[in-house]
Amino acid sequence: MIDFPLIAVVLAAGKGTRFKSEKPKVVHQILGKPMLWYTLFGVRWIKPQKTVIVVGHKKDEVINAVNCDGCEFVYQENQMGTGHAVYTAKEYFKDFDGYVLIINGDTPLVRGETLHNAGEYLKALIRYEGADLTNYRGYRNKSIAGVVLTARVPNPYGYGRIIKDKDHRVIKIVEEKDANNQEKQINEVNSGIYFFYAPYLIQALEKLENKNAQEEYYLTDVIEILRQEEKYVYALEIPDYTEILGVNDRLQLAGVENILKERYISFWALNGTTFHNPQSVWIEFDVDLSKDVEVHQNVVLQGKTFIDEGTVIEPNCIIRNSKIGKNVKILANSYIEDSEIQDNAVIGPFARIRGGSVIKEEAVIGNFVEVKNSVIGRKTNARHLSYLGDAEIGEEVNIGAGTITCNFDGFKKHKTVIKDRAFIGSDTMLVAPVVIGEEAITGSGSVITKDVPDKALAIERNHQKIIENYAEKRKKKYEKS
Ligand code: UD1
Ligand code: CA
């Protein structure tokens, strides 16, 4: 957290032409959340007293997508450059005796800690200059105008190049399209993340011109303007260049998504989760893993998902917004959504558990079984080929292969209740609403339309007819014709 007066301005008005998309660039998703969400997460980390987001192109879509409590939005009707975008937000800082953090909305990988460290660096610079830091006020007329975060990148193409003096004071930033061949060789680039002293920023923004290759008002020109007045912006080179990667096209979007995923995987791997072929695993921000969890290849973990100790997830499983207990086995190709699986249960292979289901301890849900909005009791087995929807199933029940809860009459959904230790014969159709009593039994192939009392057998089936020697008779019939 930053302990000096700070307002954040996030730039998100651009169209993102290079995305070739109907959607504004900053709402495109990275690991299930809009790109801008991550930028804001970093900003929130340092708790600025206000966060202002500059929106423009399809602004309502951007505002809805970020759904940011406590953020304020300003509208930049025509996108005339990053300098113009910041100027649009000037009402928020024009009389502000403090600092403005400016950050491009298309820089999702920056860490909150890095922003914090940049703030600490700024404080150290000011302190070095001998200013009174007791409240960071009255700083006017001193020479430090701010800090820009930079990094050396493997491919600087497209970024503003940093030209600085030996004291790390930036002389100017040259955009790709305005750079000469020599400048293009520079691999230290502008992150698009800056801290400026607000009164200086305002003065310089008012002097911006758009005499450049793109005829835009470049925010980066502020630095050169201030330098002419002997007010300096210092370059803070950060070690991990991936944090400053900007996303201008979908290839960069994919690259950034991979880097973020790798970060999450390293975090969990170092906290006791085993990943097999981690490159193939998908894991989102709100996923929470415990020690001795084992995640095999092509597993997708999405939304708010918690997985407890010792659980194994075999290849090709998708788990979304679900809570998985201890020592659960989720066998290959299973799909679990908005559900809870309790300790020692076994799911799959090829099982589908849908919204609102609870699978209790030691229950087994086997191959080609679909469970929807149902509670499956402790030690209950449904091992093969079933549909269990809107059902409440007790403990130690056996659900035979091919059992179906007929829960929908074409208009409404109805409930099936199966009490403890009942035995449902294979291929039973349970026409809901229906209640199967404790230890009751249904005969294979029965269509059960009425409640079955405790311990009773319900069988709904024609008597079997035997015709002796039928095979011979049939043969003869064909021989004649
Ligand atoms: C910008 C920097 C460049 C830096 C790079 C880092 C300038 C002139 N250049 O270039 O030095 O290396 O970011 O990623 O600042 N935006 C608005 N309104 C506008 C224009 C842009 O809100 O009128 C927003 C965009 O939505 C985007 C951000 O500002 O989120 C940056 O704009 P973009 O066009 O992507 O700048 P770059 O060319 O990447
Ligand atoms: Ca950009």
Side-chain angles (χ1 to χ4, degrees), residues 9-19 21 23-28 34-40 43 52-59 61-63 65-66 73-89 102-110 148-153 155-163 170 172-179 183-184 186-194 196 204-205 208-225 233 235 237-238 241-253 255-256:
V9 176
V10 181
L11 306 186
K15 182 164 185 273
T17 314
R18 288 162 278 184
F19 259 65
S21 175
K23 278 194 295 184
K25 174 168 78 173
V26 293
V27 312
H28 278 261
M35 186 192 311
L36 187 55
W37 183 91
Y38 294 93
T39 311
L40 290 171
V43 170
V52 183
I53 307 178
V54 182
V55 290
H57 178 71
K58 297 200 173 168
K59 66 174 175 27
E61 229 176 290
V62 176
I63 294 169
V66 293
F73 295 91
V74 293
Y75 180 42
Q76 185 196 21
E77 195 175 354
N78 297 308
Q79 289 87 52
M80 297 193 279
T82 47
H84 179 257
V86 175
Y87 195 64
T88 311
I102 300 170
I103 181 164
N104 287 348
D106 64 353
T107 310
L109 294 188
V110 68
V148 53
L149 273 70
T150 72
R152 293 190 189 276
V153 292
N155 175 13
Y157 177 81
Y159 290 95
R161 310 299 206 279
I162 299 289
I163 298 176
V170 179
K172 61 175 176 176
I173 297 179
V174 188
E175 292 304 303
E176 178 77 38
K177 289 190 176 135
D178 303 293
E183 288 162 340
K184 280 183 184 162
I186 298 170
N187 70 348
E188 183 179 2
V189 302
N190 172 22
S191 63
I193 304 168
Y194 327 73
F196 286 109
L205 285 173
L208 276 185
E209 292 179 28
N210 63 350
K211 292 181 191 147
N212 51 55
Q214 305 185 79
E215 297 187 333
E216 283 184 1
Y217 295 91
Y218 290 163
L219 176 62
T220 44
D221 287 348
V222 157
I223 294 171
E224 207 180 339
I225 292 169
V233 173
E237 191 186 323
I238 61 163
Y241 76 88
T242 67
E243 286 190 55
I244 67 138
L245 290 174
V247 180
N248 295 321
D249 59 41
R250 295 183 198 234
L251 213 49
Q252 290 171 333
L253 183 78
V256 156

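FYI, the numbering just counts along the sequence from 1. Ligands are counted one by one from 1 in listed order, and the atoms in each one are counted from 1 as well.
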Checking side chain to side chain donor-acceptor pair (under 3.5 Å) against H84, which of Q76, E216, Q79 comes through?
Q76
The Ca ion (ligand 2): protein N, O or S atoms that are less than 3.0 Å away, sorted by chain:
D106 OD2, N248 OD1
For atom 39 (O) of ligand 1, what's the nearest protein heavy atom and its distance?
N248 OD1, 3.6 Å
For ligand 1 and G192, I'd like to know whether there is a polar contact (N/O to N/O, distance under 3.5 Å).
no
Polar-atom distance check: N104 versus ligand 1, any N or O pair below 3.5 Å?
yes
Judged on heavy-atom distance to atom 23 (O) of ligand 1, which of P24, G81, A85, G246 sits nearest?
G81
If you compare T88, I103, T82 by their heavy atoms, the one closest to atom 21 (C) of ligand 1 turns out to be T82
By side chain to side chain donor-acceptor pair (under 3.5 Å) - contacts of N104 (at least two apart)
none
Considering the heavy atoms of E175, write down every atom of ligand 1 situated less than 4.0 Å from one of them.
2 (C), 3 (C), 7 (C), 8 (C), 9 (N), 10 (O), 11 (O)
Say you draw a straight line from OG1 of T150 to CG of N190; how long is it, rounded to the nearest 0.5 Å?
8.5 Å
Applying salt bridge (Lys or Arg N to Asp or Glu O under 4.0 Å) to K59 and not counting sequence neighbours gives none
Restricting to salt bridge (Lys or Arg N to Asp or Glu O under 4.0 Å), what partner residues turn up for E237, sequence neighbours left out?
R152
Sole candidate of D178, V174, I173, N210 that passes side-chain contact (heavy atoms from CB on, under 4.5 Å) when paired with Y218
D178
